[in-house]
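All values below were derived from every heavy atom in this structure, side-chain atoms included, with hydrogens, water molecules and symmetry-related copies excluded.
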Amino acid sequence: MAEPTTTPTRDARALALPAAGRGPRKFYFSRAAGRPGTHHDGQRSLERILAFSVFAILLFFYVALPSLKLAGLPLRGLLSLGVLSFLLLTRPWIAATALRRYFPVIGLAAGLALLGVFVSAVNRTSLDIIVNTLLEVHLQLVILLIVAAMLAEICGARLCMWAIVAVICGSALFAVLQMLEVGIAWDIRRLLGPFARDELRPDMLDRRPTGLSYSPIQLSTQLCLAFAAFMAVRHAERMRTIARRSADPAVVVALLVLIAGSIAAATRSPILGGVIFMVAYVMLHRQTWLAFAVLFGAALIYFAWPLLSSFIASEAPRILRTDDRSAAARSVFAWYGTRLFVDNPVGYGFGFVPAELWAPYWPELYMMRGSRGTLENMLHNYVLSMINIYGIGIFLFAPLAIKLLIRAGPYAIFFIPYAVHILFHNAGPFYSDTIIWFVVAAMGASTAKVTSARAAQATTAALAMTSATRIRSANQIRGVRSA
């Protein structure tokens, strides 16, 4: 007797997996109708465009207009509150999604706030400093993260990524023009607000370019985050479409943009971080073309640098010097910050100003090169600043922080330039960096899409196998009965 055939029915064919390289067909559902709403596509597109525009405008305020105020309040914060209120009224279910997704981050912010209040009370920090820090750091973090996450959920991770890249790289373009002494680039920057305190110099030509950002350090921080956002979202898209972890050719272009912006801002740490990242990336992927691209890029920079150096009229560019006072002061700051923590492991609270604590240590400091920086600057080290503010109690949150890093998984490698950079400057999450929450929101929307796509494919495959098994069993039963 011949083997009974198992021709799939129409329902079974509908459950089959999509072809390689193609994702499942998408439908947008109307909440009112509960069925595929193709006639709602136009409304959906308009919502995405509006969400993208608001995301980009809000990011621009945080990048280029941090000093702009209305009735004494930061305009960027008022704008965030306004957007949050509108979204809560019109899209409350998206707010619930954002809260569930980022509850560990919000919990970490709340825990640090409570710890900071306790340490500040122990050190008798004034109430206005405590309240201002809670509002400017912890509350602003939560509001901004929820707003950015809701906007990213509406417009999608890809549009958010391009908004981040466009705003920050636009600022870097102005930095390049400022490096080339284009006067109008400086005039536009002055119209946006005051410079950072250390950038107020009488001679415009001696000032380090800031782009449209508040300072060259903030510009460099933002460039590291734009690099991370671009590469992380692209990695998520490639995992969703190609479904294999091959090296991304765009990494070379993104790294060159990061280096170019860092050269314009005369900041060395992002370049060091970029080199460390590239070494790790090459070791992770081990592809021949990537190694050749790195060697070619290194050779190009080596031979082109004398021409670039003469073009910007600088005999000893800052990014190539390690013997200047700023570079020498980093070891002093590390020693000083460590001594401050050892002498007061409870922490100094929100009123921590290391420039006011140097006197007992001056007999040891004054012999060190670059020690005068401790008299007027912060520690220029994110880790030391955090442990001195919150004290030894901050290590209670280490398991949660490690869990968040593990959850980042393969995307964490793209934050290597950022991690290296904040080790040498006063920037970082839960401290003085707000732009990172835009990046976290974009990454969250992207990784959630990858997870849902994998779950949908696994469900589809399981249903298809179940249907095929049932058909095969039914055909076998028919064959036995006919026999």
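Residues Ala113 and Leu134 come closest through the heavy atom pair CB-CD2, 3.7 Å. In terms of heavy atoms, Phe333 sits closest to Met378 at CE2-O, 3.4 Å. Of all non-hydrogen atoms in Ala95 and Leu88, the two that sit nearest each other are CB-CD2, 3.5 Å. Counting all heavy atoms, side chain and backbone alike, Leu379 lies closest to Ser385 at CB-OG, 3.8 Å. Counting all heavy atoms, side chain and backbone alike, Met443 lies closest to Tyr411 at CE-CB, 3.5 Å. Nearest heavy atom pair, residue Pro209 against residue Ala264, reads CG-O, 3.0 Å.
Within the structure, ring-ring contact (aromatic ring centres under 6.0 Å, His included) contacts touching residues 256-278 (residues at least two apart or in different chains) are Phe227-Phe277, Phe277-Tyr281. Judged as a side chain to side chain donor-acceptor pair (under 3.5 Å), the pairs with a partner in residues 427-437 (not counting sequence neighbours) are, in order, Tyr418-Asp433.
With Arg208 contributing its side chain and Pro216 its backbone, the two residues share no donor-acceptor pair below 3.5 Å. At least one donor-acceptor pair under 3.5 Å links the side chain of Ser120 to the backbone N or O of Gly116. Although no hydrogens or angles enter the test, the distance criterion places a donor-acceptor pair under 3.5 Å between the side chain of Arg330 and the main chain of Phe424. For the pair Asn426 (side chain) and His380 (backbone), a donor-acceptor distance under 3.5 Å is present. Side-chain N or O atoms of Asn388 include none that pairs as donor or acceptor with a backbone N or O of Gly347 at under 3.5 Å. In this structure a side-chain-to-backbone donor-acceptor pair under 3.5 Å is present from Arg189 to Pro194.
Here the straight-line distance linking atom OG1 of Thr221 with atom NE2 of His421 works out to 3.0 Å at 0.5 Å rounding. Atom CZ of Phe341 sits about 5.0 Å away from atom CD1 of Ile387, to the nearest 0.5 Å. A distance of 12.0 Å separates OG1 in Thr97 from CD1 in Ile146, rounded to the nearest 0.5 Å. Between the SG atom of Cys155 and the CZ atom of Arg44 there is a distance of 9.0 Å, given to the nearest 0.5 Å. Between Leu159 atom CG and Ser53 atom OG the span is 9.5 Å, to the nearest 0.5 Å. Atom-to-atom distance recorded for Cys224:SG and Ile271:CD1 is 10.0 Å, nearest 0.5 angstrom.
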### Task
Tell me, with the steps shown, if Val54 and Val83 meet side chain to side chain contact (heavy atoms under 4.5 Å, CB included).
CA-CA 8 Å; Val54 174; Val83 175; 3.9 Å; yes

### Query
Going through the checks in order, is the side chain to side chain contact (heavy atoms under 4.5 Å, CB included) test met by Val63 and Arg76?
CA-CA 10 Å; Val63 169; Arg76 67 185 190 278; over 6 Å; no

### Task
Test Leu225 against Phe415 for side chain to side chain contact (heavy atoms under 4.5 Å, CB included), laying out the working first.
CA-CA 7 Å; Leu225 290 172; Phe415 284 88; 4.2 Å; yes

#### Entry: From CA spacing to verdict: side chain to side chain contact (heavy atoms under 4.5 Å, CB included), Val105, Val440
CA-CA 10 Å; Val105 179; Val440 169; 5.5 Å; no

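Taking 4.5 Å as the limit, some side-chain heavy atom of His425 sits within range of a side-chain heavy atom of Thr267. In this structure the side chain of Leu99 reaches within 4.5 angstrom of the side chain of Ile106, judged on heavy atoms. Using a 4.5 Å heavy-atom threshold, the side chains of Gln218 and Gln222 count as touching. Annotation: side chain of Tyr348 is not in contact with side chain of Val119 (no heavy-atom distance under 4.5 Å). Between Leu58 and Leu144, some side-chain heavy-atom pair lies under the 4.5 Å cut-off. Taking the side chain as every heavy atom from C-beta outward, Leu112 and Ile394 approach each other to under 4.5 Å. Proximity of Ser262 to Arg268: side-chain heavy atoms (C-beta onward) are nowhere separated by under 4.5 Å. Side-chain atoms of Pro417 and Pro270, non-hydrogen and from C-beta on, never get closer than 4.5 Å to each other.
Ring pair Phe230/Phe414: centre-to-centre distance not below 6.0 Å.
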Could you pull out every donor-acceptor pair under 3.5 Å between side chains of residues 160-179 and any protein atom, sequence neighbours left out?
from: Ser171; atom 1: OG; to: Leu212; atom 2: N; distance (Å): 2.9
from: Ser171; atom 1: OG; to: Ser213; atom 2: N; distance (Å): 3.3
from: Ser171; atom 1: OG; to: Ser213; atom 2: OG; distance (Å): 3.0
from: Gln178; atom 1: OE1; to: Thr210; atom 2: N; distance (Å): 3.0
from: Gln178; atom 1: OE1; to: Gly211; atom 2: N; distance (Å): 2.9
from: Gln178; atom 1: NE2; to: Ala185; atom 2: O; distance (Å): 3.3
from: Gln178; atom 1: NE2; to: Gly211; atom 2: O; distance (Å): 3.2

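For CD1 of Ile184, the number of neighbouring non-hydrogen atoms (other residues, nucleotides, ligands) closer than 6.0 Å is 12 at most. Within a 6.0 Å radius of CZ in Phe397, more than 12 heavy atoms belonging to other residues, nucleotides or ligands are found.
The side-chain contact (heavy atoms from CB on, under 4.5 Å) check on Ala109 picks up Leu141, Val142, Phe430, with sequence neighbours excluded. Partners of Glu47 by salt bridge (Lys or Arg N to Asp or Glu O under 4.0 Å), not counting sequence neighbours, listed by chain and number: Arg91. Remark: Tyr62 engages Ser80, Gln140 in a side chain to side chain donor-acceptor pair (under 3.5 Å) (not counting sequence neighbours).
Judged by distance alone, the side chains of Thr125 and Asn123 never bring a donor and an acceptor atom under 3.5 Å apart.
Ring planes of His138 and Phe350: tilted class, angle from 30 to 60°.
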